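Heads up, the thing below is written out as structure tokens.
Quick caveat, the model's predicted, so the values are computed rather than measured. Any value given below was found using the heavy atoms of this structure, including those in side chains, with hydrogens, waters and symmetry copies removed.
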Amino acid sequence: MNKKIILIAMALALPLTAAALPGTDTEGGEGEYRHGKKMERMTKELNLNEEQKTKMDALFKEQHEKYKTIHEETRARLKEILTPEQMTKMDEMKKRHHEKWKSKKGTEKQD
């Protein structure tokens, strides 16, 4: 039963932690860089004017905030379901998943 709960929790939490809109990280750093690159690419490929670019940027930021809120709500509800030990294990699983994803992504860039 506990394994099922953990699997369901992971299925709900992992996609949200991957930041549903990659590159819209408002804390700066790599996410901000990716967001800028994404906007540059879309501006060029879609031939966006300044008004469209501004509106798309605002839309992506709004969506990022919604996903962030969903993530926070999901985490709070998981804390109600799981024991502190299970939450710690889940955080470790999430960290391993993220590191594996980052490693895989880094390998793909080198190809």
Side-chain angles (χ1 to χ4, degrees):
M1 181 67 175
N2 282 340
K3 285 185 179 183
K4 285 183 181 180
I5 291 173
I6 291 173
L7 287 174
I8 291 169
M10 292 296 291
L12 292 172
L14 284 177
L16 296 173
T17 60
L21 289 174
T24 57
D25 184 0
T26 56
E27 295 177 15
E30 186 180 326
E32 190 173 301
Y33 173 77
R34 285 193 321 262
H35 175 70
K37 287 290 190 184
K38 181 170 81 173
M39 283 304 299
E40 283 178 28
R41 186 178 67 249
M42 286 194 305
T43 298
K44 182 180 177 183
E45 291 183 23
L46 299 174
N47 196 26
L48 301 176
N49 63 36
E50 282 302 312
E51 181 182 4
Q52 290 173 313
K53 185 178 173 183
T54 301
K55 286 180 178 180
M56 286 184 72
D57 193 42
L59 174 64
F60 290 148
K61 286 181 181 176
E62 178 185 326
Q63 289 301 306
H64 175 71
E65 288 304 314
K66 287 180 182 178
Y67 283 113
K68 186 176 172 184
T69 300
I70 290 169
H71 172 73
E72 290 168 357
E73 289 173 3
T74 300
R75 184 147 178 90
R77 291 181 66 188
L78 286 172
K79 284 184 175 183
E80 294 172 3
I81 298 168
L82 301 175
T83 66
E85 294 82 16
Q86 289 171 325
M87 279 301 295
T88 300
K89 280 185 177 181
M90 190 169 133
D91 289 340
E92 291 168 3
M93 291 169 60
K94 188 168 43 173
K95 184 178 177 183
R96 285 193 310 267
H97 175 79
H98 182 71
E99 288 170 358
K100 185 177 177 182
W101 173 80
K102 256 181 122 171
S103 171
K104 183 179 177 184
K105 188 174 179 184
T107 303
E108 290 174 359
K109 284 184 178 181
Q110 293 174 1
D111 291 341

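Panel note: side chain Glu65, backbone Glu62; no donor-acceptor pair is recorded below 3.5 Å. Checked by atom type and distance alone, the side chain of Thr88 pairs as donor or acceptor with a backbone atom of Pro84 at under 3.5 Å.
Lys38 contributes atom NZ, which lies 11.5 Å from atom OG1 of Thr43 (distance to the nearest 0.5 angstrom). A distance of 10.0 Å separates NE2 of His71 from NZ of Lys68, quoted to the nearest 0.5 Å. Here the CD1-OG1 distance, from Ile81 to Thr83, works out to 12.0 Å after rounding to the nearest 0.5 Å. The NZ atom of Lys53 lies 12.5 Å from the CG atom of Leu46; values are rounded to the nearest 0.5 Å. Atom NZ of residue Lys66 and atom CD1 of residue Ile70 lie 8.5 Å apart, to the nearest 0.5 angstrom. If you take CZ on Phe60 and CE on Met39, they are separated by 6.5 Å, rounding to the nearest 0.5 Å.
Here Glu45 pairs with Arg41 under the side chain to side chain contact (heavy atoms under 4.5 Å, CB included) rule; sequence neighbours left out.
The two residues Leu48 and Met56 come nearest to each other via the heavy atoms CD1-SD, 3.4 Å. Contact record, Met90 with Leu78: CE-CD1, 3.1 Å, taken as the closest heavy-atom pair.
Using a cut-off of 4.0 Å between Lys/Arg side-chain N and Asp/Glu carboxylate O, Glu85 and Lys89 are scored as not salt-bridged. Ionic pairing of Lys44 and Glu40 is not present here: no N-O contact between side-chain nitrogen and carboxylate oxygen is shorter than 4.0 angstrom. Taking the charged nitrogens against the carboxylate oxygens, Asp91 and Lys95 have no contact shorter than 4.0 Å, which rules out a salt bridge.
At a threshold of 4.5 Å between non-hydrogen side-chain atoms, the residues Arg75 and Lys79 count as touching.
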